[in-house]
Amino acid sequence: MLDTPKAARRTPVLPVGKGGIVSPLPPADRFVLRLKGFSGTAGGFDLSGALNTAHGMAERFAARLGPDEWLLVLPEGEGAAAQAALEADLVGRFFSLVAVGHRNVGIAVTGPHAADVLNAGIALDLSDAAFPQGSATRTLLGKADVVVVRLGSGFRVECWRSFAPYVSGFLTEVAQEFA
Amino acid sequence: MLLVPCPYCGPRPEVEFHCGGEAHIARPADPNALDDAQWAEYLFVRTSNKGVHAERWLHSHGCGRWFNALRNTVSDSFLASYEMGQPRPALPTEGGK
């Protein structure tokens, strides 16, 4: 596969946040895994969950975004080991594993009004009943395609790097209502 | 906002979807056997009915799947949605309001 350690790296598009309602997260390693007809664990990720759920911890999880699609997120620097583990566990199967760590930016939205802030741009019901802990989905925030994950405290918004200033600005502006 | 029932994700907001036009239009098995009029019929002619209509929809900002749905073009209400490749289901209620 691609020799990612030699790939060009640009500086992070957003500075890491220092807390608050909207706070950009540090860089992370991410993979998009496409795999049909599989249920179980691979590479330390629990892939057995239903569609639109996430399993794992806030910094390391597998979010099932489609019937055969997962977004795997893990702390920066652990990607190479996870890739090798996944390839070992899935040997003999047809699958696609693409490193997208540099493509995405993660933004944490926390606090008692986190769902209200997100709902300024997301038409989906993000209440505890409709979007409980362990939920994850792809949706639209304003005009940007984002992935929303609810694991641990608050929400994690994953968007493409080029959308990050828009998404961050959008959420920061809304958060002023609740600051 | 209109809620579109995705057979994989459940009811979701309309902005996540893209409509792909009429469903159940099969490509002719042997295009060479058709004359121009028949080929044009396959390419361009669509029913534009008033009432229940079978359409293809893409959940582009969601699970990324194509599916078929029955929609009433008068009331804009969705009556059923089903996965690609399945036959058009019988209507839950005649006319569907």
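Throughout, protein chains are lettered first and strands after them, A, B, ... in sequence-line order, and every chain is numbered starting at 1.
Atom CH2 of A/Trp160 sits in a sparse spot, with 12 or fewer heavy atoms from other residues, nucleotides or ligands closer than 6.0 Å. Atom CD of A/Gln133 has more than 12 heavy atoms from other residues, nucleotides or ligands within 6.0 Å. Other residues, nucleotides and ligands contribute only 12 or fewer heavy atoms inside 6.0 Å of the CD atom of A/Glu173. Residue B/Asp35 places its CG atom among more than 12 non-hydrogen atoms of other residues, nucleotides or ligands, all under 6.0 Å distant.
Clustering ILVMFWY residues whenever any of their side-chain heavy atoms sit less than 4.5 angstrom apart, transitively, puts A/Phe61 in the very cluster that holds A/Val98. A/Val147 and A/Phe131 fall into different hydrophobic clusters, defined by Ile, Leu, Val, Met, Phe, Trp and Tyr side-chain heavy atoms under 4.5 Å apart, directly or through other members.
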For the pair A/Ile122 and B/Glu16, evaluate side chain to side chain contact (heavy atoms under 4.5 Å, CB included) and give the outcome as yes or no after the intermediate values.
-> CA-CA 10 Å; A/Ile122 294 177; B/Glu16 293 182 0; 6.0 Å; no

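Between atom CG of residue A/Leu124 and atom CE of residue B/Met1 there is a gap of 10.5 Å, rounded to the nearest 0.5 Å. Atom CG of A/Leu141 is separated from atom NE2 of B/His61 by 12.0 Å, given to the nearest 0.5 angstrom. Interatomic distance, SG of B/Cys6 versus CG of A/Asn52, reported as 8.5 Å (0.5 Å rounding).
Considering every non-hydrogen atom in both B/Ser60 and A/Asp145, the closest pair reads O-OD2, 4.4 Å. The two residues B/Val15 and A/Leu140 make their nearest non-hydrogen contact at O-CD1, 3.4 Å.
Only the backbone of A/Leu65 comes within contact range of chain B, with at least one heavy atom under 4.5 Å from a heavy atom of that chain.
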